[in-house]
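Inspection log for the structure reproduced underneath, given as structure tokens.
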Amino acid sequence: MSSFNKILEASAKHPPAEGVKYQYGTAGFRMKADVLDSVVFRCGLVASLRSRSLGGKTIGVMITASHNPPVDNGVKLVDPTGEMLIASWEAYATEMANAKTDQELVELYKALAAKNRIDLSTPTHVVFARDTRASGSRLAACLNDALVACEAGITDYKILTTPQLHYIVRCINTKGTDEEYGEPTEKGYYEKLSSAFKLAMKNKKSSGALTVDCANGVGGPKLLELIKYLPPKDESLDIKVVNDNVHNPDSLNVECGADFVKTSQRAPPSSKAGPIDRCCSLDGDADRIVYYFTDKRGVFHLLDGDRIAALAAAFLADLSRQSGLADILKIGVVQTAYANGASTKYIEKDLRLAVRCTPTGVKYLHHEATNFDIGVYFEANGHGTVIFSDYARKNIASHEPKSPAQQDALEILQALTQLINQAVGDALSDMLLVEVVLAHKGWGPEEWLGIYNDLPNRLVRVVVTDRNVFVAEDAERRLVTPKGAQPAIDEAVKKVRQGRSFARASGTEDAVRVYAEAETRAEADDLANKVAAIVKQYG
Ligand code: NG1
Ligand code: ZN
């Protein structure tokens with residue numbers, strides 16, 4: 001049977017849901033799991049085409065819906081470097097997902113192959129994994145059917161965190177090259193992180209225990225595994241794992257996890273942490289992390305992605321100075337417009353580092369961060385990492401230290417290049433990074449909180465008839481259309497002390513998001529409500 005016939009036959013077993021329009025968004029396809037079978041099947045076709053278009057390089061497919069409710073699922077593709085799929089192929093994935101019939105799908109498959117001059121006899125390799133959702137194994141089988149039909153090389157890594165799959169893709173594609181990233185196995189991931197962590201800690205011990213809420217998702221079992229590779233808790237870091245129940249998939253992200261903590265600005269109700277106990281929460285696929293604690297007066301404090309970026313940037317700037325590399329390494333921080341203005345001010349004025357702002361979506365941040373030798377990027381919601389340029393890595397590796405202090409700093413810097421996931425934001429790697437910085441500074445969460453005072457802020461979701469009329473520019477900070485909306489927002493902002501506000505169409509939901517910050521809580525709330533009213537009026 002020809003491979004096209006095999007695809008036709010296999011596709012017939014995975015018909016699309018009627019009347020559903022699919023879109024590959026900033027986080028891939030994400031929706032109710034019961035309408036995703038055809039989408040995941042078709043992503044298998046796209047992944048094998050993408051692999052063939054790159055001469056057989058390995059492509060990853062991750063089945064997850066991150067922080068969404070348990071009934072949802074999703075699928076996203078990973079490019080050979082371990083980064084997210086490039087935008088032009090997102091459009092192909094959307095076209096394929098929306099093909100009405102099996103015949104139309106195969107025609108599209110052929111057209112994509114022709115357009116990209118893909119030789120369909122090229123060997124191909126697709127690796128995949130899933131989070132702990134109940135629908136994951138069914139969807140993985142849909143994916144496998146597609147890969148078998150298009151005669152792809154397949155490796156099923158079963159259950160992994162999203163960043164683990166990105167790590168494995170990067171390892172496979174760099175194996176045997178100068179850029180070799182690590183062993184392409186789950187064990188290789190733990191070994192790399194744990195040995196880098198030991199080197200970066202330099203026998204420091206962190207104070208008190210760290211409570212990690214794993215959102216009842218894949219981060220739980222994977223963190224428990226990672227702990228086995230870390231130094232004994234009384235010598236280094238004492239981690240208490242909570243919300244790691246993956247046997248009840250209905251508890252995933254429910255009243256716990258990074259998104260719950262960030263959006264509701266409180267600890268999970270299940271939390272038993274005491275005053276000033278250091279806590280953090282992962283999201284459902286362990287690519288996001290936020291820290292938090294409750295002070296002695298019982299007030300909750302969030303240490304979000306902006307704080308992690310500020311902490312990491314401050315530490316990296318110190319290390320580059322102490323190691324004698326400050327003059328040659330350009331360090332910068334990349335944020336989105338949602339970053340608290342106080343964090344931007346702290347990084348620019350106190351740390352004297354460059355800050356860039358990009359549109360929402362980690363791929364934009366990641367790309368912008370490559371313009372620095374050490375690029376720190378985080379979304380306020382806790383997704384981010386630090387990337388080192390080739391130039392930075394080579395200089396860190398070859399620099400001759402002129403004193404024992406320089407040598408110490410260099411060794412820590414070198415260890416951080418190994419500890420921090422270079423492909424994508426990774427909650428487990430970010431957590432170890434934060435712990436290294438806190439241990440070296442001898443800080444608890446209160447000292448970390450003290451580096452700047454967040455401006456009170458409010459995020460409002462506004463439902464409009466058509467969000468697509470809200471077109472933004474300047475890293476989504478200003479509206480181009482509807483005409484008249486931006487001048488009205490500017491007027492409202494002017495009246496408020498330290499006011500800043502913007503409105504933009506969400507990339508993941510059918511709504512417009514309004515963000516406002518100001519000197520006081522009352523002014524921030526008031527500004528958010530005014531701008532939301534402007535959006536409604538023009539929407
Ligand atoms: P949208 O829906 O485009 O605002 C949201 C988050 C992003 C990002 C994506 C999904 C906010 C304000 N927006 O995007 O940061 O996480 O979902 O990857 O948190
Ligand atoms: Zn996630």
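Values reported hereafter were calculated over all heavy atoms of this structure, with side chains retained and with hydrogens, waters and symmetry mates removed. Atoms within a ligand are numbered from 1 in the order they appear, just like the ligands themselves.
Scanning all protein heavy atoms for the shortest distance to atom 18 (O) of ligand 1 gives A27 CB, 4.0 Å. For atom 8 (C) of ligand 1, the closest non-hydrogen atom of the protein is E379 OE1, 3.5 Å. Scanning all protein heavy atoms for the shortest distance to atom 7 (C) of ligand 1 gives T360 CG2, 3.4 Å. Looking only at protein heavy atoms, the nearest one to atom 3 (O) of ligand 1 is G507 N, 2.6 Å. Of all protein heavy atoms, the one lying nearest to atom 17 (O) of ligand 1 is T508 CG2, 3.7 Å.
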Q: Given salt bridge (Lys or Arg N to Asp or Glu O under 4.0 Å), test E225 with K222 step by step and report yes or no.
A: CA-CA 5 Å; E225 198 55 33; K222 302 308 179 188; over 6 Å; no
Q. Between R266 and L302, is a side chain to side chain contact (heavy atoms under 4.5 Å, CB included) present by the stated rule, with each step listed?
A. CA-CA 8 Å; R266 61 192 169 107; L302 180 69; over 6 Å; no
Q: Step by step, work out the side-chain hydrogen bond (donor to acceptor under 3.5 Å, both in side chains) result for N73 and S135.
A: CA-CA 7 Å; N73 214 328; S135 55; 2.8 Å; yes
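Other residues, nucleotides and ligands place more than 12 heavy atoms under 6.0 Å from the NZ atom of K192.
Heavy-atom minimum distance, I172 versus P184: CG1-CB, 3.5 Å.
Salt-bridge formation is detected for the pair E90/K363: a Lys NZ or Arg NE/NH1/NH2 atom is positioned less than 4.0 Å from an Asp or Glu carboxylate oxygen.
Residue contacts with ligand 1 for Y338 involve side-chain atoms from C-beta outward but no N, CA, C or O (heavy atoms, distance under 4.0 Å). If you look at R513 next to ligand 1, the close heavy atoms, those under 4.0 Å, all belong to the side chain.
Counting only N and O atoms by type, the side chains of Y292 and H301 include no donor and acceptor under 3.5 Å apart. A donor atom on one side chain and an acceptor atom on the other are not found under 3.5 Å apart for E379 and T360.
For the Zn ion (ligand 2), protein N, O or S atoms under 2.8 Å: 4 in total.
The closest donor-acceptor contact from the side chain of R467 to the backbone of S506 lies under 3.5 Å.
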Distance-only donor-acceptor hits, side chain of residues 163-170, under 3.5 Å, sequence neighbours excluded:
{"residue": "Q164", "atom": "OE1", "partner": "T161", "partner atom": "N", "Å": "3.1"}
{"residue": "Q164", "atom": "NE2", "partner": "Y190", "partner atom": "OH", "Å": "3.1"}
{"residue": "H166", "atom": "ND1", "partner": "G82", "partner atom": "O", "Å": "2.5"}
{"residue": "Y167", "atom": "OH", "partner": "E183", "partner atom": "N", "Å": "3.4"}
{"residue": "Y167", "atom": "OH", "partner": "E183", "partner atom": "O", "Å": "2.9"}
{"residue": "Y167", "atom": "OH", "partner": "G188", "partner atom": "O", "Å": "3.3"}
{"residue": "Y167", "atom": "OH", "partner": "Y189", "partner atom": "N", "Å": "3.4"}
{"residue": "R170", "atom": "NH1", "partner": "T81", "partner atom": "O", "Å": "2.9"}

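In this structure, of V362, L459, N381, the residue bringing a heavy atom nearest to atom 16 (O) of ligand 1 is N381.
Looking at R504 next to ligand 1, an N or O pair under 3.5 Å apart turns up.
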